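Reviewing the structure listed below.
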There are 2 protein chains.
Amino acid sequence: MSAQLDLEAERTLSDRASSRLTQAIVTGELAQGQKLSEADLATRFGISRGPLREAIRQLEGMRLVTRIPHAGARVVTLDRPMLADLYRVREALEGMACRMAAQAMSQEEIDTLFMLLDQHEEAINAADGLAYFQSEGDFDFHFQIALGSRNQMLIDLLAGELYQLLRMCRYRTSHLAKRTRPALQQHRQIAEAIAERDGDLAELLMRRHISGAWKSISQIMENNP
Amino acid sequence: MSAQLDLEAERTLSDRASSRLTQAIVTGELAQGQKLSEADLATRFGISRGPLREAIRQLEGMRLVTRIPHAGARVVTLDRPMLADLYRVREALEGMACRMAAQAMSQEEIDTLFMLLDQHEEAINAADGLAYFQSEGDFDFHFQIALGSRNQMLIDLLAGELYQLLRMCRYRTSHLAKRTRPALQQHRQIAEAIAERDGDLAELLMRRHISGAWKSISQIMENNP
DNA sequence: TTGCTCCATATTGTTGACAATCAGTCCGAC
DNA sequence: GTCGGACTGATTGTCAACAATATGGAGCAA
């Protein structure tokens, strides 16, 4: 399901280490700002430092770690300014993805989109508290639209970089965010704009959706350091 | 001036190799689609394969090379679909950068922006044929706006990834592109929208500017395989 | 006590050798 | 004549040792 869960399926030790590190960072197993000791991680993964260093270089490209020469790598810290930046970039990219998806998505993909929405609604009704599952449903929706854009660079940027950072953020604040109902409603509006092939509207709605999400999260973070 | 020209100033061999590789790829010294032999490059740079491999991992993150496990890395090929993707992403990101710049840029930065435009116009009048210099002026303008957004992630994405790919593209088609006059005019409009703090208009104009540039380049590429 | 210098230690950066994998070729069988 | 399979060569992936650099603390002077 999730592209990161097929661990151990990669070909090289570097790639496997990269996946495991990503997982560990996103889930919070490695805390934000924590130092990444090459020797420690290498022994933990049962590999040498060579492949591990390559993995760290890759994670640096994904913006999951920051590296300082001769001083080591640290897990990125998602402070407020950084998240503000992230949500602005996301607004731009997903807005564009939505516009393109409205033009390029097949009817089957649009059907899948509505199916996802129904599943998501059921999940909300059934277990009102499981915020984690809601989040994954949310990602499925946004990811499906990214795929619908048919723009590989856009897909890579969103799925490969931004969504990892967002998931990392949700693992910290998921229990706080309680705006699943309005979010679902906005998702429906977006899906309908896409179904009507209205790219302008689809982009507008997606941007408003993400902008609103940031306002909500930003407010929550004000009260929770 | 250009952030890539302070070669040999990096701290580690990996970083230096990364810069040199970027330079070589952007300037076409390494042709598109060309295979990157680790042993060859390592001896050419006078370093070992370890740091070189890390550099390649980093370039992979910048989308300048594509790597296939056990088969090596190749310079990315900027074919038509890829460039179409790139210009769409650029439209989204620079549109957002422009919107934010209209709100966040200081008066001094805006003055600098107009100064760049004057310099650019002079350069065009003086040497009407030097397309290369024009391109660099173009980048200076767009880069200044990216900086003005105050969004570090946006700046990194544009300056660190997209602009490298664009420069790589220009090194191939610069002698063909002859729309510097209208481009300069559009730049002026954008700068004025920013000066008037009209974020909506600034974003609209920037998106139109980039979208137009793609149409022009796309047409040129149709006649030149 | 405070601040600086110097040294010991741990960590990162780099290297060359070794192992694993892939691509192309040659040979033989059908 | 053509297809299949094993061999050879080259290339990539991995490792463990070595060199270079930064961190942290002890000792000393103001």
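What you see is a predicted model; the values in this text were computed from it and never measured. We use all heavy atoms of the structure for the numbers below, so side chains are in, but hydrogens, waters and symmetry mates are not. Lettering follows sequence order; numbering is per chain, from 1.
Taking the six-membered ring where the residue is Trp, A:H209 and A:H142 present parallel rings, their angle staying beneath 30° rather than reaching 60°.
With rounding to whole Å, A:F45 atom CZ is found 18 Å from D:dG13 atom C1'. If you take CZ of A:R67 and P of C:dG13, they are 6 Å apart, rounded to a whole angstrom. Protein atom CD1 of A:I68 is 14 Å distant from nucleotide atom C1' of C:dT11, rounded to whole Å. Between A:L52 atom CG and D:dG13 atom P there is a gap of 16 Å when expressed in whole angstrom units. Separating the CD1 atom of B:I56 from the P atom of D:dT11 is a distance of 13 Å, rounded to the nearest angstrom. Summarising the geometry, the separation between CD on B:E38 and P on C:dA19 is reported as 19 Å, rounded to the nearest angstrom. Taking atom CG of A:D40 as the reference point, atom P of C:dA10 lies 15 Å away to the nearest angstrom. Note: CD (B:Q34) to P (D:dT11) measures 14 Å, nearest angstrom.
Judged purely by distance below 3.5 Å, without hydrogens or angles, the side chains of A:D138 and A:H187 pair a donor atom with an acceptor atom. Defined by atom type and a distance below 3.5 Å, a donor-acceptor pair is present between the side-chain atoms of B:Q152 and B:D156.
Within the 4.0 Å cut-off from OP1 or OP2 of D:dT12, at least one side-chain nitrogen or oxygen of B:K35 is found. At least one side-chain nitrogen or oxygen of B:R11 sits closer than 4.0 Å to the OP1 or OP2 atom of D:dA22. Residue B:R53 has no polar side-chain atom (N or O) positioned under 4.0 Å from OP1 or OP2 of D:dT12.
Across B:E54 and B:S14, no two heavy atoms sit closer than the pair OE1-OG, 3.3 Å. Between B:I155 and B:A146, the shortest heavy-atom contact is CG1-O, 3.3 Å. For the pair A:A102 and A:A202, the tightest heavy-atom approach, listed with the atom from each and the gap, is CB-CB, 4.3 Å.
Residue-level contact check: B:L36 touches the backbone only, with heavy atoms under 4.0 Å from sugar-phosphate atoms and none from bases.
Both A:H70 and B:S37 lie close to DNA chain D; mapped to their nearest nucleotides by heavy-atom distance, the more 5′-ward contact belongs to B:S37.
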Nucleotide N/O to protein N/O under 3.5 Å, stretch nucleotides 15-18 of chain D:
residue	atom	partner	partner atom	Å
D:dC15	OP2	A:S48	N	2.9

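A donor-acceptor distance shorter than 3.5 angstrom exists from the side chain of A:R74 to the backbone of A:G33, with no hydrogens or angles considered.
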